Structure formats: C-alpha cells, structure tokens
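See structure below.
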Protein chains: 2
Amino acid sequence: MRAATRPVVATPADAETGDAARSGSVAFGPLADSLGFHLRLAQIAAFEEFFAAFAEDGLQPGGFSVLITIRENPGVRQGILANALRIKRSHMAKIVQGFGEAGLIERRVPPDDRRAVELTLTEAGHRLVAAKMPKFLQHERASAAALTKDERHTLFALLRKLNGL
Amino acid sequence: MRAATRPVVATPADAETGDAARSGSVAFGPLADSLGFHLRLAQIAAFEEFFAAFAEDGLQPGGFSVLITIRENPGVRQGILANALRIKRSHMAKIVQGFGEAGLIERRVPPDDRRAVELTLTEAGHRLVAAKMPKFLQHERASAAALTKDERHTLFALLRKLNGL
DNA sequence: CATGGATTGTTTTCGAGTGGACAAAATTGC
DNA sequence: GCAATTTTGTCCACTCGAAAACAATCCATG
C-alpha cells in the first residue's frame with residue numbers, strides 16, 4: 001500500500017532486497033504444495049474457532065475430545081484412549097488427573113489387571129458434556145463454512161481415508 | 001504406585017462396564033464428524049513423517065518453512081513472515097534469533113523504518129535449503145501416499161479453499 | 001515541533017505436550 | 001514356582017508455542 005510509491009533508501013549493498021520487504025503478500029514457493037503446511041493452517045483456524053466458541057466454558061479441544069470419547073466408551077482404559085486420540089500416555093495421565101480432581105471422571109482399577117485404569121464419566125461429567133454438546137455440534141456445522149456441503153463431505157472422506165479411519 | 005487412587009474392587013454391580021474396557025477399538029462418536037479432530041490426526045501423522053525424514057538433519061517443520069519462505073521472499077519483514085506462516089510474532093522472534101546465531105539468516109534493519117527487521121538467507125542458509133530441498137520434495141510426494149493422485153489433488157484444492165489461499 | 005497513539009519486535013512468564021526413567025503389576029519361558 | 005520381559009501408568013525435565021507487558025520507532029494531528 002504505502003510502500004509501492006515510496007523510494008527505498010537503499011545503500012548499494014542493499015540492492016538485492018526483494019519486493020517482499022514492504023509488500024504484504026508473501027510467495028509460499030514449495031510450501032504451497034506442502035500437505036503438512038496446509039494441514040497446519042487449517043488446524044490453527046479450526047482451533048481458533050473452537051476457542052472462540054468455548055473460551056468462556058474453559059474447555060479445550062483435547063480435553064473435550066477426551067470427555068466425549070469416555071462417554072462413548074465407558075470403562076475405556078486410559079492407554080487405549082490415549083492411542084485412539086493420539087495423545088501421549090504421559091500427557092493423558094495429566095489430563096485424566098485434572099478431570100478426576102475436577103470430579104468429571106472416575107478412575108477405576110479393574111481387579112483382574114491392577115496396572116490399568118478404567119475411565120467413566122461421573123454424573124457431573126455427563127452433565128457437562130450434555131450441556132456443551134449442542135454448542136459443539138453447532139460449532140462443527142459452522143466450521144468449514146467456506147466450503148459447500150458437498151465439498152465438506154468430500155474433505156471428510158479424504159481426511160478419513162488419510163487417517164486410516 | 002497409585003497410592004492416591006483407592007482401588008475399587010469390582011462387584012457384580014460393575015457389570016455395565018462397556019466393551020471398550022479391554023478391546024482396542026474405540027468408538028469416536030461425534031468426534032468422527034469433527035473437522036478439527038481429523039485435521040489434528042492428519043497433522044500429527046504429517047509431522048511424524050517429517051521428523052522421520054529430517055530428524056538426522058535437526059530440522060523442524062516450522063523452522064524449515066521459515067527458511068523456505070525467506071528464500072522465496074528475500075528481505076521479507078519478520079512480522080509479515082509471521083502473519084503469512086501463522087506463527088506468532090513472539091515466537092518468530094525466537095526462531096529468527098536462533099537462525100541468526102546459527103549463521104543461516106541475516107537480519108537487516110532498513111534505514112527508513114528502524115523498528116522493522118528484514119530477513120535474507122546467508123550463503124550458508126542458501127546451501128542448507130538447497131541441500132535439503134530434494135529430500136523435502138520427496139517427502140511431500142510420499143506423504144498422503146494413502147490417497148490416489150486425484151484424491152491428493154482434490155484434498156489440496158479443498159484445503160486451499162478452506163485456508164483462503 | 002510535540003505529543004498521543006499505532007506499529008514492530010523483544011522479553012518474560014506460563015501452559016501444553018514430549019521423551020525418558022521409573023515402579024507396579026502381568027505375562028512368558030524355563 | 002521363579003526370574004526375565006512386557007505392559008501400564010506416573011513422575012520429572014525439557015522444548016515448543018502463546019499471551020501479555022514492554023521498549024523503540026513511526027505517524028498523525030494540532
């Protein structure tokens with residue numbers, strides 16, 4: 001904007017400075033064809049939308065996904081849950097400890113394998129998930145609003161295939 | 001071990017514990033239709049592939065994307081680069097500082113705006129990017145190997161549209 | 001100019017997530 | 001039965017990245 005017309009006070013040594021110095025547009029080069037890069041951008045946007053919707057509830061994407069999955073799989077073992085959600089076991093231990101102290105989940109040691117921990121939602125946990133689920137579903141419908149319904153469907157199918165699900 | 005966790009001895013009343021307790025399969029429920037969840041899974045996989053390919057080179061996805069983009073946009077200002085790559089300015093300051101100390105990039109303060117910093121690759125930076133680029137391009141072709149060429153093309157188009165690029 | 005506000009990058013502080021060592025329990029092989 | 005190995009969760013140290021306060025500089029308006 002302001003840059004295009006302004007003379008650059010470059011010393012001779014600065015002559016090679018490119019156009020991008022002042023313009024707001026950046027060439028992505030090989031990055032424009034990078035799957036990881038595009039996935040990262042998309043995920044950042046998705047998380048920002050999630051936080052915008054759930055900031056007031058103190059919920060994070062990871063934590064909410066843990067609660068949802070425990071509800072869908074009562075008694076699931078902590079390590080299996082971690083594998084399914086691609087959360088490291090050491091991190092899952094922290095998350096589960098926090099939810100346990102918050103009274104949202106119950107940790108039960110099965111008698112036939114006393115190393116393991118089985119997770120279930122407490123009554124409070126069920127209430128929280130039930131209360132937030134409508135907003136979550138609404139948020140999911142609104143995400144990817146830049147795409148048509150068909151495009152969204154195609155994107156999901158491709159991501160599922162990519163993730164082996 | 002779990003001194004804090006009182007082992008709850010199972011009684012017949014616990015019989016409602018779900019199938020997931022021991023099975024390795026987990027039902028995802030509403031998560032199966034969550035864009036953010038699928039994006040997260042895909043990105044984790046993509047990053048793991050990147051690290052598997054570049055671990056020996058001590059390169060990280062974010063850092064490499066910064067170097068690539070500086071090469072494509074010599075003299076780009078640090079804040080504009082941060083915006084383009086969706087890296088926070090405070091984080092970009094760290095990254096740029098590290099690369100500067102490593103002798104890979106040069107930070108130049110333009111005389112007409114002495115707040116700004118313009119970034120260019122040093123000779124060593126150019127050599128590093130040039131040396132790693134073939135492996136990067138190879139890695140990009142190999143990623144998303146679970147998809148056909150057409151599917152990959154479609155996925156890219158959808159992600160670009162989703163990201164507004 | 002001069003002063004108040006906006007922009008740009010840095011620093012500090014904090015939480016999320018990882019990796020590795022560890023302890024307890026289970027399983028396997030002898 | 002018993003030792004060695006494996007599995008499961010936890011703890012500790014660390015890195016990556018974000019939020020916010022900060023300093024320096026530029027700009028706009030009088």
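Please read these numbers as outputs of a predicted model, since none were measured by experiment. Below, chains carry the letters A, B, ... as their sequence lines are ordered, and counting in each starts from 1.
Between B:I95 atom CD1 and D:dC16 atom P there is a gap of 9 Å when expressed in whole angstrom units. To the nearest angstrom, P of D:dA18 lies 5 Å from NZ of B:K88. Rounded to an integer number of Å, the gap from A:I87 CD1 to C:dT18 P is 8 Å. At whole-Å resolution of the value, CZ in B:F99 and P in C:dT10 are 15 Å apart. Note: CD (A:E48) to P (D:dA18) measures 9 Å, nearest angstrom. Residue B:I44 contributes atom CD1, which lies 9 Å from atom P of C:dG17 at whole-angstrom precision. In this structure, CZ of A:R89 is placed 16 Å from P of C:dA24, rounded to the nearest angstrom. One interatomic measurement links the two molecules: CZ of A:R77 to C1' of C:dA25, which rounds to 12 Å at whole-angstrom precision.
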Between the protein and nucleotides 13-15 of chain C, are there any N/O to N/O pairs under 3.5 Å, and if so, what are the atom names and distances?
none

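Checked by distance alone, A:R115 brings a side-chain donor or acceptor within 3.5 Å of a matching partner on the base of D:dT7.
When each of A:H91 and A:R40 is assigned the nucleotide of DNA chain D with its nearest heavy atom, A:H91 is the one assigned upstream, toward the 5' end.
Salt-bridge check for A:E118 with A:R108: passed, with a basic side-chain N closer than 4.0 Å to an acidic carboxylate O.
Note on B:R86: nothing from the nucleic acid sits closer than 4.0 angstrom, heavy atoms only.
Residue A:R114 places none of its side-chain N or O atoms closer than 4.0 Å to OP1 or OP2 of C:dA24. For C:dG9, the OP1/OP2 oxygens have no side-chain nitrogen or oxygen of B:Q97 closer than 4.0 Å.
Not counting sequence neighbours, the partners of B:Q138 by the side-chain contact (heavy atoms from CB on, under 4.5 Å) test are B:R141, B:A142. For B:R89, the salt bridge (charged side-chain N to carboxylate O under 4.0 Å, His left out) test picks out no residue, with sequence neighbours left out. Partners of B:A84 according to the side-chain contact (heavy atoms from CB on, under 4.5 Å) rule, which considers only residues two or more places apart in sequence or in another chain, are A:V26, A:F28.
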Distance-only donor-acceptor hits, side chain of residues 29-41 of chain A, under 3.5 Å, sequence neighbours excluded:
residue : atom : partner : partner atom : Å
A:D33   : OD1  : B:R160  : NH2          : 3.2
A:S34   : OG   : A:F37   : N            : 3.2
A:S34   : OG   : B:E140  : OE2          : 2.9
A:H38   : NE2  : A:A32   : O            : 2.9
A:R40   : NH1  : B:L85   : O            : 2.8
A:R40   : NH2  : B:L85   : O            : 3.4
A:R40   : NH2  : B:R86   : O            : 3.1

Donor-acceptor contacts, no H, no angles, side chain residues 55-63 of chain B, under 3.5 Å, sequence neighbours left out:
residue : atom : partner : partner atom : Å
B:E56   : OE2  : B:K135  : NZ           : 3.2
B:D57   : OD1  : B:K132  : NZ           : 2.7
B:D57   : OD2  : B:K135  : NZ           : 3.1

Taking it one step at a time, do A:L119 and A:Q78 satisfy side-chain contact (heavy atoms from CB on, under 4.5 Å)?
CA-CA 7 Å; A:L119 305 175; A:Q78 173 166 332; 4.2 Å; yes
